[in-house]
Each structure stands twice: as C-alpha cells, then as structure tokens.
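Notes follow once the structure below has been shown.
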Amino acid sequence: AQKVTQAQTEISVVEKEDVTLDCVYETRDTTYYLFWYKQPPSGELVFLIRRNSFDEQNEISGRYSWNFQKSTSSFNFTITASQVVDSAVYFCALSGGYGNNRLAFGKGNQVVVIP
Amino acid sequence: EPEVTQTPSHQVTQMGQEVILRCVPISNHLYFYWYRQILGQKVEFLVSFYNNEISEKSEIFDDQFSVERPDGSNFTLKIRSTKLEDSAMYFCASTAPGGRSSYNEQFFGPGTRLTVL
C-alpha cells in the first residue's frame, strides 16, 4: 500500500520568510511519482510539481524548490520569500507507475502567510 | 487551455436521495478518476475508469456508488442513497494516454461540493 505522511498541520510565516513543508512516503513500487498540489481557499486542486522516482535531481522553479531524497523517502517542498497569495493547503501525493495511477494524498499542510 | 469541468458546483440533497455528479474530462483523455475530500481532511481516491470499465476502486467505493460514461464526453458518479457522511467535495480527474514507462499528470476539475441534509 502507498502512504504519504505530512506531519505538520498548520504553519504560519511572516511574508517574505521561507517555508518548508515535509513529506515522507511509503511504497513498494520501484517506479513511482511524487507530487505537490496547492488547494487555495476557493477549493480547487492546483498541480505544482512532479518528480519521478528515478530522478533525484532537485530543482528550483521560480519561488518553489523541492528536495527529493530516496534514502529517507522524503520529498520536501520549499516556498521562498512567501507571499500572502501562498496561503493555502498544500498536499503531497504519491502514485505508482504505469497501470497504477491512483494518487495517494497526505493530510495536507495549512500554510498561513501573515502580511 | 483545455480543462476538466464539473457540474454542479454545489449540490444540496436530502439523506436517502440519489445524486449524480457530472464531469467532462479533457477531450483526448482516456483515464478518468473520482476522488473525494471530506471537509478539512485529505483527498481520497474513489475509483478509476478506463475503456468503459472500472479499473480500480477503493474500499470507500461501495455498492452505493457507481460510475458511467454515458456518451463520448461525460463521466458521472452516482450515489444511490446518500448518507450524511457522503457530504464532501468530489473531484473528477482525467489523464491522457501514455506509454508504459511514462506517467501522465492527472488534471483535476474544480470539484462539486455535496451537502447531504
């Protein structure tokens, strides 16, 4: 079974501070995919990033960056120089490879950016 | 840019009534999904659908639930006799066909908020 754990529930930061969200996953698949989604107060799910299990290179995309470490089964996500519009719930999700594409979501991190 | 659409955005129903939630996936997508999110909780997988049949379902997806692709564009989720605990946001998603070694992103619709009274 696949499992995603996001231990932090609510995180408050002052605008322009960085915020890092932790995600730990469990899977028996050798090929899998990891995701971060944002859910703003309006309720929709917004895709942010995806990472394949065979590519541990960490990247930066604008103010978003992620740290994927297979050795610790972690896929942490950082928002640099946070803005009020970043206030949302952030979900980490995991999916198996081909033929097993159901997404398993973590419980989410509520991020509150204080102006 | 093509997107997944869902109707209605909010549905209120009485306990025991049947509801049908509708989704229009992106036109060239072949894999379809329903997820639900009870207020304040995580998003949970319900069912996946491919080639006119269910390919996988979770333990939540019991006999009260059914899915259908009645025509070439709609994908529906029916709840036969709603319970209070069915109150949730229901998300539809779709995925384009991909090769054996690839994963294609699931595109989510905006959700239907179901309230059972």
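All values below come from the heavy atoms of this structure, side chains included, with hydrogens, waters and symmetry mates left out.
The hydrophobic clustering, which links ILVMFWY residues whose side-chain heavy atoms are closer than 4.5 Å, places A:Y90 and A:L34 together. Cluster membership check: A:Y33 does not share its hydrophobic cluster with A:V24, using side-chain heavy-atom separations under 4.5 Å among Ile, Leu, Val, Met, Phe, Trp and Tyr. Cluster annotation: B:L114 and B:V67 are assigned to the same hydrophobic cluster (Ile/Leu/Val/Met/Phe/Trp/Tyr, side-chain heavy-atom contacts under 4.5 Å, transitive). B:V47 and B:Y31 fall into different hydrophobic clusters, defined by Ile, Leu, Val, Met, Phe, Trp and Tyr side-chain heavy atoms under 4.5 Å apart, directly or through other members.
Closest approach of A:F91 to B:K42, counting heavy atoms only: CE2-CA, 4.0 Å.
Using a 4.5 Å heavy-atom cutoff, the side chains of B:Y33 and A:N101 are in contact. Contact check for A:Y37 versus B:F108: side-chain heavy atoms found under the 4.5 Å cut-off. Between B:Y35 and A:F105, some side-chain heavy-atom pair lies under the 4.5 Å cut-off. Taking 4.5 Å as the limit, some side-chain heavy atom of A:L45 sits within range of a side-chain heavy atom of B:F91.
Neither the backbone nor the side chain of B:E44 comes within contact range of chain A; no heavy atom of the residue lies under 4.5 Å from a heavy atom of that chain. Contacts between A:Q6 and chain B at a heavy-atom distance below 4.5 Å are absent for every atom of the residue.
Residue-environment remark: CG (B:D63) stays at or below the threshold of 12 foreign heavy atoms within 6.0 Å. Within 6.0 Å of atom CG in B:L39, 12 or fewer heavy atoms from other residues, nucleotides or ligands are found, so the atom counts as exposed in its surroundings. The 12-atom threshold is not exceeded at NZ of A:K3, counting heavy atoms of other residues, nucleotides or ligands nearer than 6.0 Å.
Separation of atoms CZ (A:R50) and CD (B:Q106) is listed at 11.0 Å; rounding is to 0.5 Å. In this structure, NZ in B:K57 is found 12.0 Å from CZ in A:R102, a value given to the nearest 0.5 Å.
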